[in-house]
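Let me begin by presenting the structure, written as structure tokens, before commenting on it.
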There are 2 protein chains.
Amino acid sequence: MQAEDPTNEINFCQACSVRNRAICADLDDHEIELLNKIGRRRRLAPGETLLWEGDEAVFVANVVSGVLKLSTQKSDGREQILGLAYPSDFLGRPFGEVSPYSVEALSESTVCVFQRSDFERFAEEHGRLEHKLLERTLGELDRTRRWMLLLGRMNAEERLATLLLEIASRTVLATCENTGWKVPDEFELPMSRQQIADILGLTIETVSRQFTKFREEGVIEMRGRRDVTIRKRDALEMLAA
Amino acid sequence: MQAEDPTNEINFCQACSVRNRAICADLDDHEIELLNKIGRRRRLAPGETLLWEGDEAVFVANVVSGVLKLSTQKSDGREQILGLAYPSDFLGRPFGEVSPYSVEALSESTVCVFQRSDFERFAEEHGRLEHKLLERTLGELDRTRRWMLLLGRMNAEERLATLLLEIASRTVLATCENTGWKVPDEFELPMSRQQIADILGLTIETVSRQFTKFREEGVIEMRGRRDVTIRKRDALEMLAA
DNA sequence: AGCGAAGCTTGAGGTAAATCAAGTTGTCCG
DNA sequence: CGGACAACTTGATTTACCTCAAGCTTCGCT
């Protein structure tokens, strides 16, 4: 998947690894060609920011590879991560003036970027794209609402269990083509302990202690700081349920 | 606004109080007539449930009057309210099989209900409706994500301040037509203390203590349990910021 | 290899909110 | 109008998580 050349500006849609899963999936060859003309590939290094909260919303984008975070800050600096974006996910705020959150790459990422105005014009002329975007947005709203139960009503243990299962399941969807995949028990965390804390609404110390606890209980195994193996999936699912 | 007859099944769209704000706003007279044929009005008493979490998603609806809550539960019964729906808001999960949350009326409410299958067919044939629904869904996603900052990173005082301001601003949008309105400082809470706790991710006791604190500080004034007057809006805005 | 620094872990102590347990106040209804 | 019940408030105590403060790993770099 990393083999394709992200700098190739000519007809990159044809070879795009998320071509059949992103919002462009239902477009025909002619439409794809038009979309190809208004978009461009962009590579982001870890830590690089694509959109700033409060800034004019100039871009929208599809994630092609990598993982990005959406986040917002309180005036005093407290940060809350609003979600993660995986390959085929859509980024940005069409039909809105300002970006309501920041978007920053967690890992080395490739995105397919459009000027918001270009994209909106295209969408209004091509109902199928707008329909796909609607379906994706409704799905994202469901996912976001489920996260509210975690932030409002779960304890630290339940929160980390839920996140580990979520990352596992999202990782596979991002890695394999849509036949024959299954959710892996081994994966790499795409973010630091502090970022995990900002996702879960906890402090870095509490997150660290929970990792230690899961390790001691044999629920997970770790090689280095970011390589996780789930050993007792049932235990995690019980907590997350 | 309560003067219109909710049981009148003939052409209720024409006289609908949310006609210009709901997703039907951009439809022409012919389209409205078609939509009118597939929808029907339904009145809900406080506490009555329109959709159950996990059930087949048979309905979608527009809120005409009243306030409803969307909520989800953990397996052990802990509840988290995912959001409130005010007049002109859209309810339900188009293009999905199961309802990801429950919808229950908080106050006496009127909704305009469609069979999901009817609605989806109509939407696919009428791009303007789908576009409106997309805009509304994107807005709802933004609002939901902002709430995550509250659940993940705010203390009890900040949470209640934010909710009071939110209810005040949503109440006016629900009450007045779109010219000349301003946000009121006096309003009625449409929910119980326990429901406020379930919105804010707190316990009923903590909510009660915060109300008492705001009253003692002269930030708000209360007549009975549900009538609130904001006396120091600055103070609340400072906390919510 | 070995240094340095950022990232992470661990411990001790403090605190906001939860929990448990009475009281009190509104509200419904005959 | 009064009585009963649910809804709410208040107080005392506990606890999960936060804060502050060291240490310890991991990893990039020369």
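Predicted model only: the values in this text are computed from it and were never measured. Atom set for the values below is all heavy atoms of this structure, side chains included, hydrogens, waters and symmetry mates excluded. In what follows, every chain begins at residue 1, and chains take the letters A, B, ... in the order their sequences are listed.
- In terms of modelled atom types and a separation under 3.5 Å, the side chain of A:R116 and the main chain of A:G96 share a donor-acceptor contact.
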Q) Which nucleotides of nucleotides 4-19 of chain D have their base under 4.0 Å from a protein heavy atom (B), which only their sugar-phosphate (S), and which neither (-), written as one string 5' to 3'? A) ---BSBBBB----SSB

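- Contacts of B:S71 classified as side chain to side chain donor-acceptor pair (under 3.5 Å), with partners at least two apart in sequence or in another chain: B:E79.
- Annotation: the terminal axes of the helix from C:dA1-D:dT30 to C:dG30-D:dC1 meet at 50°, where each axis is the rotation carrying the C1' atoms of four end pairs onto the next four (5 pairs per end, rounded to 10°).
- Pairs engaging residues 183-201 of chain A under the salt bridge (charged side-chain N to carboxylate O under 4.0 Å, His left out) rule: A:D185-A:R233, A:D198-B:R153 [sequence neighbours left out].
- Listed by chain and residue number, nothing satisfies the ring pair (Phe, Tyr, Trp, His ring centres under 6.0 Å) test with A:F211 (two or more places apart in sequence, or in another chain).
- Applying the ring pair (Phe, Tyr, Trp, His ring centres under 6.0 Å) test to B:F90 and every residue at least two apart in sequence or in another chain returns B:F119.
- Where DNA chain C meets chain A (any atom under 4.0 Å from a heavy atom), the bounding nucleotides read 5' to 3' are C:dG7 to C:dA12.
- For A:F59, there are no ring pair (Phe, Tyr, Trp, His ring centres under 6.0 Å) partners two or more places apart in sequence or in a different chain.
- Applying the side-chain hydrogen bond (donor to acceptor under 3.5 Å, both in side chains) test to every pair with at least one member in residues 52-63 of chain A, sequence neighbours left out, gives these pairs: A:E53-A:T72.
- Judged as a salt bridge (charged side-chain N to carboxylate O under 4.0 Å, His left out), and not counting sequence neighbours, the contacts of A:E104 are A:K69.
- Qualifying salt bridge (charged side-chain N to carboxylate O under 4.0 Å, His left out) partners for B:E158, counting only residues two or more places apart in sequence or in other chains: A:K74, A:R78.
- Under the salt bridge (charged side-chain N to carboxylate O under 4.0 Å, His left out) criterion, the residue pairs touching residues 84-93 of chain B are A:D142-B:R93, B:D89-B:R136, B:D89-B:R170, with sequence neighbours excluded.
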